[in-house]
> 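If you scroll down you'll find the structure; I have some questions about it.
Keep in mind it's a predicted model, so treat the numbers as computed, not measured. Numbering starts at 1 and runs along the sequence shown. Only heavy atoms go into these numbers, but all of them, side chains included; no hydrogens, no water, no symmetry mates.
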Amino acid sequence: MTTRINPEGERMKADRHNSNSLLNSRLKAAKLFHNAILTKRIKESQLGIEDLFLADLYRRAGDFQSASQVIENAENKPIETSILRLIEYEKRLIHAKDTAYYQIDQALLEN
């Protein structure tokens, strides 16, 4: 069984009644990050890593369609094995419509 670790801690408890606000904040972050990628303000150090982060932001915001599109585009790139493993994990989370927080090591252990 995987333990979920939530860095938002007590804030999440306070925001449970207002989850739309939390999802909207995550979606805004995803859009800002996406714009930064498109305008080349973010330099990628490892091919596919920005796609993985962006897909994760969209997934956590509940925008599974955008997350899937980002992952689909990433899969057409020559990406190293470690990033591909994370992308496969992210695909499973998207398919499950899971908006929870997971650490990278969880993905590496489960793959």
Side-chain angles (χ1 to χ4, degrees):
M1 183 172 164
T2 302
T3 303
R4 293 181 181 178
I5 299 171
N6 191 338
E8 295 160 342
E10 294 300 315
R11 180 171 171 219
M12 276 296 287
K13 291 178 186 172
D15 276 345
R16 279 206 177 114
H17 69 280
N18 194 8
S19 63
N20 284 340
S21 174
L22 185 58
L23 292 177
N24 286 337
S25 293
R26 290 176 179 162
L27 187 56
K28 183 178 179 180
K31 289 179 180 181
L32 288 170
F33 187 70
H34 196 180
N35 188 50
I37 291 168
L38 293 174
T39 58
K40 306 290 185 199
R41 286 184 280 163
I42 293 180
K43 303 287 185 203
E44 81 181 80
S45 58
Q46 199 170 15
L47 196 58
I49 197 77
E50 79 286 354
D51 298 307
L52 179 62
F53 289 150
L54 181 58
D56 193 62
L57 283 169
Y58 278 128
R59 178 189 62 79
R60 297 224 34 236
D63 186 350
F64 302 108
Q65 182 178 359
S66 293
S68 291
Q69 289 172 344
V70 170
I71 290 296
E72 188 177 308
N73 289 338
E75 290 178 317
N76 294 320
K77 296 178 181 178
I79 298 173
E80 68 179 62
T81 305
S82 62
I83 301 299
L84 282 174
R85 289 175 58 197
L86 295 172
I87 285 174
E88 286 301 316
Y89 186 76
E90 190 73 24
K91 281 173 51 176
R92 288 198 308 267
L93 296 175
I94 293 164
H95 180 72
K97 299 198 180 321
D98 188 335
T99 61
Y101 169 82
Y102 295 91
Q103 291 185 338
I104 290 175
D105 62 342
Q106 290 171 277
L108 296 175
L109 289 174
E110 290 185 25
N111 273 338

> List in chain and number order the residues that pass side-chain contact (heavy atoms from CB on, under 4.5 Å) with E72, two or more places apart in sequence or in another chain; answer none if no residue qualifies.
none
> Would you compute the distance between atom CD1 of I87 and atom OG1 of T81 and round it to the nearest 0.5 angstrom?
11.0 Å
> Can you measure from CG (D63) to CD (Q69) and round to the nearest 0.5 angstrom?
8.0 Å
> Between the main-chain N or O of K31 and the side-chain N or O of N35, is there a donor-acceptor pair closer than 3.5 Å?
no
> May I have the list of side-chain donor-acceptor pairs in residues 51-59 shorter than 3.5 Å, sequence neighbours left out?
unit_1: D51; atom_1: OD2; unit_2: K77; atom_2: NZ; d: 2.6
unit_1: D56; atom_1: OD1; unit_2: R59; atom_2: NE; d: 3.4
unit_1: D56; atom_1: OD1; unit_2: R59; atom_2: NH2; d: 2.7
unit_1: Y58; atom_1: OH; unit_2: H34; atom_2: ND1; d: 3.2
unit_1: R59; atom_1: NE; unit_2: E90; atom_2: OE2; d: 2.8
unit_1: R59; atom_1: NH1; unit_2: D98; atom_2: O; d: 2.6
unit_1: R59; atom_1: NH1; unit_2: A100; atom_2: O; d: 3.0
unit_1: R59; atom_1: NH2; unit_2: A100; atom_2: O; d: 3.1

> Answer yes or no: is there an ion pair linking R85 with E88, defined by an N-O contact shorter than 4.0 Å?
no
> Could you tell me which residues satisfy side-chain hydrogen bond (donor to acceptor under 3.5 Å, both in side chains) with S68, sequence neighbours excluded, listed by chain and number?
none
> What's the shortest heavy-atom distance between L23 and G62, and which atoms?
CD2-N, 4.4 Å
> Could you list the residues that satisfy salt bridge (charged side-chain N to carboxylate O under 4.0 Å, His left out) with E80, not counting sequence neighbours?
none
